[in-house]
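Inspection log for the structure reproduced underneath, given as structure tokens.
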Protein chains: 2
Amino acid sequence: MNEAVRGRDRERTEAAILAAAEAQLAEAGFQAFGVNAVARRAGCDKQLIYRYYGGLDGLAAAVGESLGARYTSPPAQPPAQSYGELTERLLLAFLEQFRADRLAQRIAAWEVAERSPLVDKLAEARAQALGRWMEEARGGLTPPPGIDAPALNALLIGGIQQLVLASMTMGGFAGLPLSEDRNWIRARLALRALIRGVYRPAFAGADVLPGS
Amino acid sequence: MNEAVRGRDRERTEAAILAAAEAQLAEAGFQAFGVNAVARRAGCDKQLIYRYYGGLDGLAAAVGESLGARYTSPPAQPPAQSYGELTERLLLAFLEQFRADRLAQRIAAWEVAERSPLVDKLAEARAQALGRWMEEARGGLTPPPGIDAPALNALLIGGIQQLVLASMTMGGFAGLPLSEDRNWIRARLALRALIRGVYRPAFAGADVLPGS
DNA sequence: GGAGTATATCACCAACCAGTGACATATCGG
DNA sequence: CCGATATGTCACTGGTTGGTGATATACTCC
């Protein structure tokens with residue numbers, strides 16, 4: 001993707017750099033996310049990263065902005081009957097979503113590894129996208145009284161993230177070998193059991209476990 | 001801690017290097033865990049790291065071995081009446097333990113950031129220590145039928161880890177501002193609610209929440 | 001005391017990194 | 001057509017890293 005290939009087109013070049021940045025972060029991880037590596041991958045000089053994005057920080061901010069579009073609304077479903085049912089659907093969907101999104105995984109790993117203005121922008125973008133995604137699907141439902149939904153969600157979302165992240169690097173977590181699909185089914189069932197346990201007794205149907 | 005200070009004493013030097021390694025990893029994180037940094041902190045030449053530990057890998061392995069002693073058994077308590085009660089106690093204790101152990105946090109963050117023989121040794125040591133710790137407290141109790149304890153534990157432990165790690169770097173997680181102590185109480189209550197939800201109905205007493 | 005060895009330090013290498021100034025060339029407006 | 005500007009490339013600095021060979025110094029045993 002050098003000049004000879006694509007001509008002198010700033011827009012195209014900027015797009016190429018942004019794409020290279022996302023690819024580099026997703027495939028090689030945040031440790032290998034540097035000006036040199038991105039420029040190499042984009043097939044242009046690193047100077048352009050400084051000129052067009054003001055350095056790696058600006059580039060990361062651009063990645064963050066382009067991140068919002070990744071969280072597509074879950075496919076239209078019959079509206080949930082209760083907050084518990086909604087939570088179950090959302091968190092199971094989040095598991096699949098997150099498991100399939102290497103870029104989000106890398107950012108999540110980055111968030112817990114280091115604090116820097118660079119990762120702050122990405123983390124904020126990811127958090128907002130996730131927040132919007134959940135808010136959009138909520139449909140006016142509110143948690144039943146006596147239920148601290150934000151705390152419960154934080155714990156469960158965190159558990160999901162940890163399972164996915166650990167499965168990618170260590171192949172499992174806390175004794176669960178998550179390289180095998182059948183153990184992912186166990187994880188989904190456990191997640192469902194936890195959710196149903198706290199949001200009981202308002203549970204009637206929905207015994208189908210998506211993704212299994 | 002150079003030669004003039006401590007004399008020529010291999011044992012002492014090795015101990016100094018190991019201590020420096022743990023301190024460096026705990027305080028500065030795995031990104032700053034390198035031969036140069038450890039040697040600087042230990043006040044000796046990095047050559048000694050190669051001579052005595054065979055490089056950074058061996059040093060990491062040594063850190064891992066010395067890691068087992070960090071997980072002290074929880075203070076003797078009246079034996080748990082049920083597996084659910086035991087789980088509640090253990091996971092709440094794990095939260096406090098992990099929150100206070102910067103070294104364990106750094107290793108946990110490392111585990112999800114990178115796969116390398118270096119982190120493998122540390123991760124394995126941490127996993128084994130955690131496993132022993134839980135096994136030791138189990139006291140012959142077995143999960144009730146229909147309960148997938150390993151999967152549940154993995155999810156909940158993962159959630160705890162994620163909350164702690166995210167609170168250290170981002171100051172919160174998924175909308176929970178974990179810089180405030182009162183929100184940590186919410187997290188503990190949510191954890192307890194989740195556990196009690198799945199292990200119901202075998203719950204009678206134990207309404208005191210440790211650490212609040 | 002003197003030889004030999006263990007211990008510690010120094011000096012250096014090649015590779016990589018972020019960042020910048022100078023230069024070349026294509027494109028567009030007068 | 002020619003100059004100005006946008007775009008792209010090159011070359012270099014200063015700094016850090018992991019790793020290694022050579023050297024200096026202290027300790028030990030004969």
Side-chain angles (χ1 to χ4, degrees), chain A residues 1-21 24-25 27-63 110 113-114 116-119 121-122, chain B residues 1-21 24-25 27-63 110 113-122:
Chain A
M1 204 55 163
N2 50 19
E3 178 188 8
V5 179
R6 79 176 168 274
R8 295 204 166 187
D9 184 337
R10 173 161 180 172
E11 231 177 306
R12 245 179 96 104
T13 305
E14 282 187 12
I17 291 176
L18 183 57
Q24 175 71 11
L25 183 52
E27 292 171 24
F30 65 92
Q31 303 236 56
F33 186 68
V35 193
N36 292 299
V38 171
R40 252 196 313 272
R41 185 182 279 259
C44 68
D45 197 273
K46 60 178 168 182
Q47 172 75 23
L48 300 184
I49 295 179
Y50 292 100
R51 262 220 271 282
Y52 297 154
Y53 290 96
L56 205 62
D57 302 32
L59 183 52
V63 171
W110 202 352
E114 179 187 23
S116 75
L118 219 151
V119 67
K121 293 197 183 69
L122 285 174
Chain B
M1 201 54 165
N2 49 19
E3 179 187 7
V5 179
R6 83 179 164 270
R8 294 205 165 187
D9 183 338
R10 172 162 181 169
E11 230 176 307
R12 245 179 96 102
T13 305
E14 282 187 12
I17 291 176
L18 183 57
Q24 175 72 11
L25 184 51
E27 292 172 23
F30 66 93
Q31 302 239 54
F33 185 69
V35 193
N36 293 299
V38 171
R40 250 196 313 272
R41 185 182 280 257
C44 69
D45 198 272
K46 59 179 170 181
Q47 172 75 21
L48 300 184
I49 295 179
Y50 291 100
R51 260 219 270 285
Y52 298 153
Y53 291 97
L56 205 61
D57 302 32
L59 183 52
V63 171
W110 202 352
E114 179 186 21
R115 159 140 243 176
S116 75
L118 220 149
V119 66
D120 275 357
K121 294 198 182 67
L122 284 173

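Residue numbering restarts at 1 for every chain, and letters A, B, ... go by the order of the sequence lines. If you're wondering where the values come from, they're calculated on a predicted model, not measured in any experiment.
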May I have the distance from [X] (atom [atom1]) to [N] (atom [atom2]), rounded to whole angstrom?
X	N	atom1	atom2	answer
B:Q24	D:dG18	CD	C1'	15 Å
B:Q31	D:dT16	CD	P	17 Å
A:E14	D:dA6	CD	C1'	12 Å
B:E11	C:dA6	CD	C1'	14 Å
B:Q47	D:dT25	CD	P	17 Å
A:Y53	D:dG8	OH	P	12 Å
A:R12	C:dA26	CZ	P	17 Å
A:Y50	D:dT9	OH	C1'	15 Å

**Fill in**
d(B:F30 CZ, B:Q24 CD) to nearest 0.5 Å is 13.0 Å

**Request:** Decide yes or no on side chain to side chain contact (heavy atoms under 4.5 Å, CB included) for A:N36 and A:R40, but give the supporting numbers first.
**Result:** CA-CA 6 Å; A:N36 292 299; A:R40 252 196 313 272; 4.2 Å; yes

**Side-chain N or O of A:T13 closer than 4.0 Å to phosphate OP1/OP2 of D:dG8** =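 Answer is yes, contact under 4.0 Å.
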
**Request:** List the atom of A:D45, the atom of A:A39, and the distance in Å for their closest heavy-atom pair.
**Result:**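 For A:D45 and A:A39, the tightest heavy-atom pair comes out as C-CB, 4.0 Å.
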
**Complete:** Minimal heavy-atom distance between B:V38 and B:I17, with the atoms involved, is CG1-O, 4.0 Å

**Request:** Map B:D45 and A:R10 onto DNA chain D by nearest heavy atom, then report which one ends up closer to the 5' terminus.
**Result:** A:R10

Which nucleotide in the set [options] lies at the smallest distance from any side-chain heavy atom of [X]?
X	options	value
B:R40	C:dT9, D:dT17, D:dG18	D:dT17
A:R8	C:dG19, C:dA26, C:dT9	C:dA26
A:Y52	C:dA8, D:dT7, D:dG18	D:dT7

**Nearest-nucleotide 5' precedence on DNA chain C, A:N36 against A:R51** =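 In this pair, the answer is A:N36.
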
**Prompt:** Given side chains that start at C-beta, do those of B:F33 and B:L118 come closer than 4.5 Å, heavy atoms only?
**Reply:** yes

